[in-house]
Novice: 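Below you will find the structure I want to go over with you.
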Amino acid sequence: MWLYLAVLVGLYYLVRWHRERQVVSHLRDKYVFITGCDSGFGNLLARQLDMRGMRVLAACLTEKGAEQLRTQASDRLETVTLDVTKTESISAAAQWVKERVGDRGLWGLVNNAGITLAWAPNEWLTKQDFVTILDVNLLGMIEVTLSLLPLVRKARGRVVNVSSVAGRFSAIGCGYSISKYGVEAFSDSLRKELAPFGVKVAIIEPSFFKTNMTNTERVLLQLQEVWDRAPPEIKEIYGEKCLASYLKLVSEQILPKCDQNLLKVTDCMEHALTACHPRTRYSAGWDAKLLYLPITYMPTFLVDTILSWVLPRPAKAL
């Protein structure tokens, strides 16, 4: 019996390997719109697809970022400035894309733009902190998607949304996990709704990578700023020692372990855009596959117990 099972499992992976190696034809004629191309995953993906000969439309938050990207790519790549928190900016970018793709439609939409704020307990934060991160990571992504869906549907193309392991596993506040849980939910519903039109939706779930979002100095400064403006009663409950423990955890345990090989993520994005049979979800990074993904299937009480050993304890904890 075990032999038959092993054979079946082997055949399954062999068939999947064969299917995933099949590439979409006429890639040089296909347009891909990518948000958040100033740096990080978006910047690397834009250059990666440009080298492959695809027609890349790269959206950057700043003109400086757009100019730098243009100097690193071929003449095929075009840029536009986009603030995903502003409806007028999204509408202008959507019109810009429409003028370029014409009747071909938009083959790929990659929602990559995102931010993170202080990695701190929820009680240290304000409503505006959550609004800020949701505006970019979730609501902005949704508005960009809805604005460009007619063009993607015309091309029977792809929507690739960048989530995170934090979209499956929430260990600490700051609103980042909340926004990425939302990305997961939106993408799941979108995938089902667009399937009848031949449009495929993929979710990228990276672990911790070395980008501007995980810059040590920036992350620690944000954490200190959040603590400094926290109400006196919150500071009394948690204590300065708890703050010091969070600063040490982030600077010595989490950030130094961030993977510097961004290709692990952009290769997943490229496969989602160019493979005939893309996956529904891509876990980028071995820690995502071997640690964070398995954690999501563990009993909740066990995960909570493990986190209680890892996360700093408030001064007035019971």
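Given the structure is predicted, the values throughout are model-derived calculations rather than measurements.
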Novice: Any chance CG of Asp75 has more than 12 other-residue heavy atoms, nucleotides or ligands included, within less than 6.0 Å?
Specialist: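 No, because the 6.0 Å sphere around CG of Asp75 holds 12 heavy atoms or fewer from other groups.
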Novice: Are any of the side-chain heavy atoms of Lys30 and Leu273 separated by less than 4.5 Å?
Specialist: no
Novice: Between the side chain of Asn112 and the main-chain N/O of Gly36, is any donor-acceptor distance below 3.5 Å?
Specialist: yes
Novice: More than 12 heavy atoms of other residues, nucleotides or ligands under 6.0 Å from CZ of Arg218: yes or no?
Specialist: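 Atom CZ in Arg218 is packed in, count exceeds 12.
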Novice: Between the main-chain N or O of Val56 and the side-chain N or O of Tyr31, is there a donor-acceptor pair closer than 3.5 Å?
Specialist: no
Novice: Is the backbone N or O of Ala113 less than 3.5 Å from a side-chain atom of Thr35, with the two atoms forming a donor-acceptor pair by type?
Specialist: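 Looks like yes, one N/O pair under 3.5 Å.
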Novice: Are Phe186 and Thr145 packed together at the side-chain level, in the sense that at least one heavy-atom pair is separated by less than 4.5 angstrom?
Specialist: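 In contact.
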Novice: Where the side chain of Arg76 meets the backbone of Asp50, is there a donor-acceptor pair that is under 3.5 Å apart?
Specialist: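 Pair found, side chain donor or acceptor close to backbone of Asp50.
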Novice: Rounded to the nearest 0.5 Å, how far apart are CD1 of Ile203 and CZ of Arg281?
Specialist: 4.0 Å
Novice: Taking only residues two or more places apart in sequence, or in another chain, which ones meet Trp96 in a ring-ring contact (aromatic ring centres under 6.0 Å, His included)?
Specialist: none
Novice: State, to 0.1 Å, how close Phe301 and Thr305 come at their nearest heavy-atom pair, and which atoms those are.
Specialist: O-OG1, 2.7 Å
Novice: Locate the shortest heavy-atom distance separating Asn161 from Ser187; write the atom from each residue and the value.
Specialist: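 It is ND2-OG, 2.8 Å.
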Novice: If you count the non-hydrogen atoms of other residues, nucleotides and ligands that lie under 6.0 Å from CZ in Arg19, is the total more than 12?
Specialist: no
Novice: Quick check on Lys98: does its NZ atom have over 12 non-hydrogen neighbours (other residues, nucleotides or ligands) under 6.0 Å away?
Specialist: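 Result for NZ/Lys98: open.
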Novice: Within the 4.5 Å heavy-atom criterion, are Met269 and Val162 side-chain neighbours or not?
Specialist: yes
Novice: Hey, what do you get for NZ (Lys200) to CZ (Arg279), rounding to the nearest 0.5 Å?
Specialist: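 Interatomic distance, Lys200 NZ to Arg279 CZ, rounded to 0.5 Å: 15.5 Å.
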Novice: Could you tell me whether the side chain of Asp135 and the main chain of Thr132 form a donor-acceptor pair under 3.5 Å?
Specialist: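 No.
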Novice: Could you tell me whether the side chain of Ile115 reaches within less than 4.5 Å of the side chain of Asn137, counting heavy atoms only?
Specialist: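 Sidechains of Ile115 and Asn137: in contact.
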Novice: Is the NZ atom of Lys289 crowded by more than 12 outside heavy atoms at less than 6.0 Å?
Specialist: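 Buried by this count: over 12 neighbours within 6.0 Å.
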Novice: Under the 3.5 angstrom rule, does the side chain of Arg158 hit a backbone N or O of Ala202 as a donor-acceptor pair?
Specialist: no
Novice: Does Gln260 have more than 12 heavy atoms from other residues, nucleotides or ligands lying within 6.0 Å of its CD?
Specialist: no
Novice: With heavy-atom distances below 4.5 Å as the criterion, would you say the side chains of Tyr246 and Val226 are in contact?
Specialist: no
Novice: Are side-chain heavy atoms of Ile204 and Phe41 found at a separation under 4.5 Å?
Specialist: no
Novice: Mind checking whether Glu225 and Arg229 have side chains closer than 4.5 Å, heavy atoms only?
Specialist: no
Novice: Please name the pair of heavy atoms, one in Ser163 and one in Pro206, separated by the smallest distance, quoted to 0.1 Å.
Specialist: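 That closest heavy-atom pairing would be O-CD, 3.5 Å.
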Novice: Measure from the side-chain N and O atoms of Thr274 to the backbone N and O of Val23, and report whether any donor-acceptor pair falls under 3.5 Å.
Specialist: no
Novice: Regarding Glu63 and Arg70, does a basic nitrogen lie under 4.0 Å from an acidic carboxylate oxygen?
Specialist: yes
Novice: Looking only at atom types and distance, does a side-chain atom of Thr62 sit under 3.5 Å from a main-chain N or O of Thr81, one as donor and one as acceptor?
Specialist: no
Novice: Does the gap between the ring centers of Trp227 and Tyr238 come in under 6.0 Å?
Specialist: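 No.
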Novice: Check Leu69, Leu262, Asp38, Asn212 against Asn43 for a side-chain contact (heavy atoms from CB on, under 4.5 Å) and give me the one that passes.
Specialist: Leu69
Novice: Which distance, rounded to the nearest 0.5 Å, do you find between the CZ of Phe169 and the OG of Ser164?
Specialist: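 The OG atom of Ser164 is 11.0 Å from CZ of Phe169, to the nearest 0.5 Å.
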Novice: At what distance, to the nearest 0.5 angstrom, does OG1 of Thr116 lie from CE of Met213?
Specialist: 5.0 Å
Novice: Within the distance-only criterion (no hydrogens, no angle test), does the side chain of Thr214 pair as donor or acceptor with the backbone N or O of Phe209 below 3.5 angstrom?
Specialist: yes
Novice: Using 0.5 Å steps for rounding, measure from the SG atom of Cys242 to the NZ atom of Lys316.
Specialist: 13.5 Å
Novice: Would you find more than 12 non-hydrogen atoms of other residues, nucleotides or ligands less than 6.0 Å from Gln224 atom CD?
Specialist: yes
Novice: I want to check something: taking the side chain as every heavy atom from C-beta on, are Val310 and Gln253 in contact at a cut-off of under 4.5 Å?
Specialist: no
Novice: Take atom CD in Glu217; do more than 12 heavy atoms of anything else shown fall under 6.0 Å from it?
Specialist: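 At most 12 heavy atoms, drawn from other residues, nucleotides or ligands, come within 6.0 Å of this atom.
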Novice: Under 3.5 Å, is there a donor-acceptor pair between the side chain of Trp124 and the main chain of Ile234?
Specialist: no
Novice: Taking atom CG of Leu318 and atom CZ of Arg313, what is their separation to the nearest 0.5 Å?
Specialist: 8.0 Å
